[in-house]
Amino acid sequence: MNKYQQILTKYWGYTNFRPLQEDIIRSVDEGNDTLALLPTGGGKSITFQVPGLLKDGTCLVITPLIALMIDQVERLKKLDIKAIALHSGLSSQEIKIALDHCTFGKVKFLYIAPERIDTELFKYRAPKMNINLIAVDEAHCISQWGYDFRPSYLKISKIREILPNVPILALTATATTDVIQDIQEKLEFKNAAIFRSGFERKNLAYIVRETEDKEKTLMDIATKVPGSGIIYVRNRKKTREIADLLRNNKIHADYYHAGLDISIRNKKQEAWHNGQIPIIVATNAFGMGIDKSNVRFVVHYDLPDSLEEYFQEAGRAGRDGRNAYAVILYNITDDRDINTRLRNRFPEIDTIKAVYQALYNFYVIPLEGGKGLVMDFNIGEFCLKYNFSIVTTHNCLRLLQNEGYLEVTEEIDNPSRMHFKVSRDDLYKYQVSNQALDGFVKLLLRSYTGIFTDYVKIDEYILAKKAAVDVDAIYQYLNKLRSADLISYFPRKKTPLIIFNEERLDVKSLRLSPENYIIRKEFYITRLNAMLMYVTSNSKCRSQLLLQYFGDRGAERCGRCDTCIKRNELDLSRYEFDLILQELKSRLINESVPYDQLIDSINKEKEKVIRVIKWLIETNKIIQTDDYKLRWHN
């Protein structure tokens, strides 16, 4: 058992790695900048956690998803591994204490949001830390060509100036050839090593169902495919409508979207994960941290924005290696929806400026003010006050974020935290002179460790139960201690945050660069067109189409998708079909030929030739001219 396997066994109980994991770990351990493309659920976190534990010092992990970083930190803590997450939901004092611990070498994993890299505090502290590896999760976010570009990721390269000799491991699940190249350039890779897991999923059948009645088709799938499933829709209202449809037809289902309270979302996800609710109807907010292996089907009721998005979401099916299905329901109305989606995605410049101005007015921020400000943000309350559409506002904020003016986080469930600001001796003196609070202070000291050196999570309801008092009394005790300047205390808060990266401009000076509006719009249209080409294609293997999009030109037919099944019905071997296809194409590519003459010109069994011609006509690869001849249709 080598040193990597020893770490894997010690902390996770496994003796062997998944494909490519050990190769990636060995590469970063040898000091190489490394790009790893692993599928969703492919065990990306292990590839930086193992070398991070193996080496002295701290592994710096950069990720845009605050909920995901908090989740990973909690998992590491359960393994008795010291980990900390730094994000905009923390106070400056919490961040300072956390960075102190990193500087003193007490932390193995420091998770950080990309926007924090450019802060003066981090730039000052980072060189004092013993950073052994920099892991960049969701690395496609650094690329303008990527489907989820985030300008804050461009700041990551500045780490090279501060920590020039520390290797970088960039991780992503999906990336085209252009994005792969862009990631390496933006992160200034040296001695680059690239590890790419095959994107092919042999157990997953990709299906497109063209249907006039999506509800009926969905019901057929939900009743005929046993087991757990995910149904993706594009808006929150539809999650509930589709879940109600299924329930009304005696199919156990629930719904999920980002507008639900985070505690409700967690309960729904847990119930689905445990099998209590087999089917979940959700927006794309349902995805973070999903590691359920036995999902038998993923249905997209509406078209995704891109093949990257689709491939990632569809890939949540069949991770146990058993047969599973990824189905898109499509009809002609989806084409019209694409145009509406494009208008919503890129609002008019004047609309973006109006949202920008209203946002600063909302927080009463004057001109040239607000830089570095972090505020709670309730988009519903904001839109109600200024009579904006939530969809339009969301997209305006995304474009302002792309320009670097601000950042909007997902909803953060920040538990209550507290920390004693005084020494034990000073605290004891206070207890002696304030007997009314002595019992409560002792309760805190019995309940939580590390409370003098760290901010610790506390639960007011558990404290109330232990003290046999109402929870309001606990809040009063904590606030009295805070008023006496004995503790720093932050009550629980669940809200998205908005971070103002730049000072407020006069709206006339607000600029949206061509790169972040016109060119991004063109990229979006290109990806939508690729998505439309995928669903409207009826002659090429779905798996081949997807794999070729991601640069795999040597992919073979899967034999399981809807187009392969139709072709299999011809009762021809792949070899026979391809030979006849090539002869027909070479005959028709430059001229039109009468039907009978075409059949006679192919030196193969006539019945088989007729079957292939019929299939090619049905799939629109061969068309009939006005004079009843056949020609190849590109």
Going by the angle between their ring planes, with limits at 30° and 60°, are [X] and [Y] parallel, tilted or perpendicular?
| X | Y | value |
| --- | --- | --- |
| F48 | Y111 | perpendicular |
| F362 | F382 | perpendicular |
| Y310 | Y534 | tilted |

Is there a donor-acceptor pair under 3.5 Å between the side chain of [X] and the backbone N or O of [Y]?
| X | Y | result |
| --- | --- | --- |
| S27 | D23 | no |
| T34 | N32 | yes |
| R398 | R345 | yes |
| R527 | D305 | no |
| T119 | R116 | yes |
| R160 | L187 | yes |
| N395 | N344 | yes |
| Y356 | L505 | yes |
| N203 | G318 | yes |
| Q181 | D178 | no |

Below 4.0 angstrom, N of the basic side chain to O of the carboxylate: do [X] and [Y] qualify?
| X | Y | value |
| --- | --- | --- |
| K44 | D137 | no |
| D334 | R341 | no |
| D454 | K82 | yes |
| D100 | K106 | no |
| R504 | E368 | no |
| E74 | K457 | yes |

Next item on the list: Taking atom CD of E185 as the centre, report whether more than 12 heavy atoms of other residues, nucleotides or ligands fall under 6.0 Å from it.
Entry: yes

Around atom CG of D56, are there more than 12 heavy atoms from other residues, nucleotides or ligands closer than 6.0 Å?
no

Got [X] and [Y] here, is their nearest side-chain heavy-atom distance under 4.5 Å?
| X | Y | result |
| --- | --- | --- |
| K77 | I81 | no |
| V299 | I230 | no |
| I328 | L303 | yes |
| V136 | L169 | no |
| E313 | N284 | yes |
| L53 | Y11 | yes |
| F311 | Y206 | yes |
| T47 | L38 | yes |

Would you say the side-chain atoms of [X] and [Y] include a donor-acceptor pair closer than 3.5 Å?
| X | Y | result |
| --- | --- | --- |
| N2 | E22 | yes |
| S143 | D182 | yes |
| S513 | E403 | yes |

C102 meets the side-chain contact (heavy atoms from CB on, under 4.5 Å) criterion, sequence neighbours left out, with V107, L110, M129

Where do [X] and [Y] come nearest, in terms of heavy atoms and distance?
| X | Y | answer |
| --- | --- | --- |
| A85 | M69 | CB-SD, 3.8 Å |
| C396 | V355 | SG-CG2, 3.9 Å |
| T239 | H257 | OG1-CD2, 3.4 Å |
| R265 | L260 | NE-O, 3.0 Å |
| C383 | T393 | SG-OG1, 3.3 Å |
| F189 | A170 | CZ-CB, 4.0 Å |

With sequence neighbours left out, the residues meeting ring pair (Phe, Tyr, Trp, His ring centres under 6.0 Å) with Y363 are F500

Contacts of F109 meeting ring pair (Phe, Tyr, Trp, His ring centres under 6.0 Å) (sequence neighbours excluded), chain-then-number -> none

By salt bridge (charged side-chain N to carboxylate O under 4.0 Å, His left out), D118 pairs with (sequence neighbours left out) K123, K158

Test log, rule ring pair (Phe, Tyr, Trp, His ring centres under 6.0 Å), inputs W272 and F286:
CA-CA 11 Å; W272 175 79; F286 189 73; 5.1 Å; yes

To the nearest 0.5 Å, atom CG of L54 lies from atom NZ of K108 at 8.5 Å

When rounded to the nearest 0.5 Å, the distance separating CE of M533 from CG of N529 is 10.0 Å

Can H300 and V327 be said to form a side chain to side chain contact (heavy atoms under 4.5 Å, CB included), step by step? CA-CA 6 Å; H300 281 79; V327 185; over 6 Å; no

Evaluate N132 against V166 for side chain to side chain contact (heavy atoms under 4.5 Å, CB included), listing each step before the verdict.
CA-CA 6 Å; N132 58 34; V166 179; over 6 Å; no

Could you give me the CA-CA distance, side-chain angles and deciding distance for R542 and C558, then say whether side chain to side chain contact (heavy atoms under 4.5 Å, CB included) is met? CA-CA 8 Å; R542 303 282 178 200; C558 70; 5.9 Å; no

**Message:** Set out, in order, the CA-CA distance, both residues' side-chain angles and the distance that settles side chain to side chain contact (heavy atoms under 4.5 Å, CB included) for Q357 and L510, then state yes or no.
**Reply:** CA-CA 10 Å; Q357 191 166 22; L510 185 70; over 6 Å; no

Extract all donor-acceptor atom pairs below 3.5 Å that involve side chains of residues 543-552 and protein atoms in other chains or at least two apart in sequence.
residue : atom : partner : partner atom : Å
Q544    : NE2  : A555    : O            : 3.0
Q548    : OE1  : K540    : NZ           : 3.0
Y549    : OH   : E308    : OE1          : 3.1
Y549    : OH   : E308    : OE2          : 3.2
D552    : OD1  : G554    : N            : 3.2

Exactly one of F346, F149, Y517 clears ring-ring contact (aromatic ring centres under 6.0 Å, His included) with Y524, and that residue is F346

### Message
Could you walk me through whether E115 and K155 satisfy the salt bridge (charged side-chain N to carboxylate O under 4.0 Å, His left out) test, starting with their C-alpha distance in whole Å, then the side-chain angles of each, then the deciding distance to 0.1 Å, before giving a yes or no?
### Response
CA-CA 7 Å; E115 64 270 10; K155 298 173 183 175; over 6 Å; no

Test side-chain hydrogen bond (donor to acceptor under 3.5 Å, both in side chains) applied to T351 and E348, step by step: CA-CA 5 Å; T351 303; E348 296 295 326; over 6 Å; no

Residue pairs meeting ring pair (Phe, Tyr, Trp, His ring centres under 6.0 Å), one or both in residues 117-140, sequence neighbours left out, come to H140-Y147

